[in-house]
Amino acid sequence: MTIGITGYGAYLPHLRLARRVVAEANAWFAPGLVSKGRGHRCMANWDEDAITLAVAAARHATPPSDTRDNIARLLLVSETLPFAERLNAAVVAGALCLPDAVNAADVSGAQSVAVASISQLVNAAKAAGETSLLVAASNRRTRAASAPELDYGDAAAAVRIGCHSEAQPVLAEVLGTSSRTVDFVDHFRMAGEDVDYHWEERWVRDEGIGKIAPAAVSEALDRAGVAAAEVDHFIFPTVFKKADAQLAKRCGIPDAAVADNLSATVGDSGSAHALLMLNGVLEKATPGQTIVLTQFGSGMACAVLKVTEHITRFRPATSLAAQLEGGCEETSYTRYLAYKGQLKLERGMRGEQDKKTALSTSWRHREALLGFVAGRCSVSGDVHFPPTRISYTPGKPEQDTQQPYPLADVHGRILSWSAEYLSSYMAPPHHYGQVDFDGGGRLLMEFTDVRPGDIDNGSEVKMVFRIKDIDELRGFKRYFWKAKPVTYPENDAQS
């Protein structure tokens, strides 16, 4: 039985913060940051968090042409989960319209847990033939004028793991895994705190990576029956310059195998970064190549994969390469701070309204709100959102004829739109308007990832899962779908 990765996808936020603006803004206090002021780092929009990033990556890993009905397990890995007491993975499952029987869990505590979870999901496939979805997302805060402010990046990545089948073939077989679980503290963050505390780099390199990592890599290779010299791609996320090449050399892995760590274009995305780099490797891998996937944190986790002849049979809904080419440069440092919640803006009286969420109503309409499921009348073919018992075609009302009709993967065209500064909104002007969906349905939608001049009547849009608003009094986030211009070249059926 061949078990391994049957799908993969990544998500990079539309905004790319220019590091030079951070270095320039803080030059009066930390002039040494100028050495890190090159390139960009991914920056989450105000309406993005670990949940929305995870949903986007999972959608890319399970394009509309694939079924999600066979996903039995969902693991959401993040060090920045929005809710401490609520199953964050359940929100992701709802947005993906996964079956209620899915076994979902939140996983956190160390950056290595995403890679460490692979062996658990392989065992689940071995024991019961289960297909699992592993999603990792990161949206970390930092102190202003700190090195991590420039090193970090916001992103998410996902892989689907299961047994080989004709419908979902294994693209990269998992040959072996290993782990080292030790309480080596290279950085930490106490409960209730927002910012990591980092220890000295040389200590982490010499006593941590240098002594813990080689043994774990060697054990994984031995279990896989692969020689170090045969490795084609070596993935080791790190913010330390050349630490990945040094580790590869210690393990006997060729220098040419060291994968691009995406530091110049994305930044380090924490617990998601190993899977993010894996996405980049799989997009260009060829049959027969060997991949060593590793990540350090409270020890070390490793997995050895073999690319199969089926690698060309799958493409994510939007490739990582396409996303790296796209995006929008952000040159406002204060916008970045405000979106991270580190700069309190005066929002005026219009920003003072109470946004208490009716949890009972949210529960009753959960499929429509989280999954964006409309109703399509089986008699007239009209699409209604929200779905109701009554389908109304002028002069011909019908009762109880609507069938579930998901809109999340349907593109649309802007019929009319407005952009105004009167309302309290985190990314003014506030863009919203009527969207006509391909195949039927019209809805007043909010637009996101847009600036003045980005949209017009007739512009094509796709749907994205985002934060709708935040009840700051009670600390509750409400999620819904928004329309976003089709800015990246896509290879899915909707394009």
Side-chain angles (χ1 to χ4, degrees), residues 11-17 42-49 51-53 55-56 59 95 139 154 318 323 326-332 334-341 343 345-353 355 368-370 372 374 383 385-386 407-438 441-472 477-490 494-495:
Y11 174 72
L12 304 181
H14 183 63
L15 298 176
R16 313 295 163 83
L17 180 65
C42 285
M43 166 185 159
N45 206 336
W46 76 267
D47 58 358
E48 294 184 298
D49 63 8
I51 284 178
T52 68
L53 297 174
V55 170
R59 292 179 71 202
N139 181 21
D154 308 323
T318 304
Q323 294 179 70
C328 177
E329 184 180 56
E330 178 56 64
T331 58
S332 173
T334 55
R335 184 192 294 267
Y336 164 78
L337 292 176
Y339 285 6
K340 286 294 185 182
L343 180 65
L345 299 175
E346 173 55 54
R347 302 177 65 181
M349 288 187 291
R350 289 189 174 93
E352 296 175 356
Q353 67 266 35
K355 296 181 179 178
L369 295 176
L370 291 182
F372 205 19
V383 177
F385 188 91
L407 290 174
D409 293 318
V410 180
H411 284 199
R413 299 278 177 179
I414 297 176
L415 175 67
S416 61
W417 60 278
S418 296
E420 49 90 359
Y421 287 89
L422 294 177
S423 59
S424 175
Y425 191 68
M426 279 294 292
H430 188 185
H431 288 77
Y432 52 86
Q434 296 282 357
V435 173
D436 281 342
F437 288 86
D438 297 346
R442 177 178 294 174
L443 189 63
L444 180 66
M445 300 286 297
E446 184 177 333
F447 302 123
T448 189
D449 289 345
V450 295
R451 294 183 178 181
D454 284 352
I455 59 172
D456 202 351
N457 292 345
S459 296
E460 185 180 8
V461 292
K462 59 183 178 181
M463 303 301 113
V464 292
F465 189 70
R466 295 293 176 91
I467 298 168
K468 176 64 176 174
D469 54 38
I470 301 172
D471 177 4
E472 295 179 352
K477 288 182 179 179
R478 195 152 55 107
Y479 298 88
F480 189 56
W481 295 79
K482 298 180 182 180
K484 172 180 177 176
V486 176
T487 53
Y488 302 138
E490 297 188 3
Q494 299 294 329
S495 299

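We find the OG-CG distance between S459 and L415 to be 12.0 Å, quoted to the nearest 0.5 Å. Note that the CG atom of D449 and the NE2 atom of H431 stand 12.0 Å from one another [nearest 0.5 Å]. For the atom pair CG of D154 and CG of N139, the computed distance is 4.5 Å after rounding to the nearest 0.5 Å. To the nearest 0.5 angstrom, K468 atom NZ is 10.5 Å from T448 atom OG1. Residue L12 holds its CG atom at 4.5 Å from SG of C42, rounded to the nearest 0.5 Å.
Using a 4.5 Å heavy-atom threshold, the side chains of Q434 and S416 count as touching. When side chains are defined from C-beta on, I51 counts as touching F465, because their heavy atoms get closer than 4.5 Å. Residues N45 and R466 meet the side-chain proximity criterion, which asks for heavy atoms closer than 4.5 Å. Side-chain contact between D47 and T52 is absent, with no heavy-atom pair separated by less than 4.5 Å. Within the 4.5 Å cutoff, the side chain of M463 has heavy atoms near those of the F437 side chain. Under the 4.5 Å side-chain criterion, counting only non-hydrogen atoms from C-beta, W417 is in contact with D456. Under the 4.5 Å side-chain criterion, counting only non-hydrogen atoms from C-beta, Y336 is in contact with M43.
Residue H14 is tested with E48, Q323, K484 for a side-chain contact (heavy atoms from CB on, under 4.5 Å); the sole match is K484.
Between V435 and A483 the shortest heavy-atom distance is CG2-CB, 4.4 Å. Nearest heavy atoms, A95 versus W481: O-CZ2, 3.5 Å. Here the closest heavy-atom approach between residue Y421 and residue P429 is recorded as OH-CD, 3.4 Å. Taking each heavy atom of T331 and E329 in turn, the nearest pair found is CG2-OE1, 3.8 Å. Of all heavy-atom pairs between A338 and L345, the closest is CB-CD1, 3.8 Å. G326 and R16 make their closest contact through O-NH1, 3.5 Å (heavy atoms, listed as atom of the first residue, atom of the second, distance).
Taking the charged nitrogens against the carboxylate oxygens, E330 and R335 do have a contact shorter than 4.0 Å, which makes a salt bridge.
Applying the 6.0 Å contact sphere to CZ of R442 captures no more than 12 heavy atoms from other residues, nucleotides or ligands.
A donor-acceptor pair under 3.5 Å is formed between the side chain of R59 and the backbone N or O of A408.
Taking the six-membered ring where the residue is Trp, F480 and F372 present perpendicular rings, their angle passing 60° and hence far from 30°.
Using modelled atom types and a 3.5 Å distance limit, the side chains of D49 and Y479 yield a donor-acceptor pair.
For W46 and Y425, the ring centers sit closer than 6.0 Å to each other. Taking the six-membered ring for Trp and the full ring otherwise, the centers of Y432 and F447 sit at least 6.0 Å from each other.
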Mind running salt bridge (charged side-chain N to carboxylate O under 4.0 Å, His left out) on D436 and R413 for me, showing each step along the way? CA-CA 5 Å; D436 281 342; R413 299 278 177 179; over 6 Å; no
Between D471 and K477, does the salt bridge (charged side-chain N to carboxylate O under 4.0 Å, His left out) criterion hold? Intermediate values first, please. CA-CA 6 Å; D471 177 4; K477 288 182 179 179; over 6 Å; no
Quick one, K482 with E446, criterion salt bridge (charged side-chain N to carboxylate O under 4.0 Å, His left out). Give me CA distance, side-chain angles, the key distance, then yes/no. CA-CA 5 Å; K482 298 180 182 180; E446 184 177 333; 3.2 Å; yes
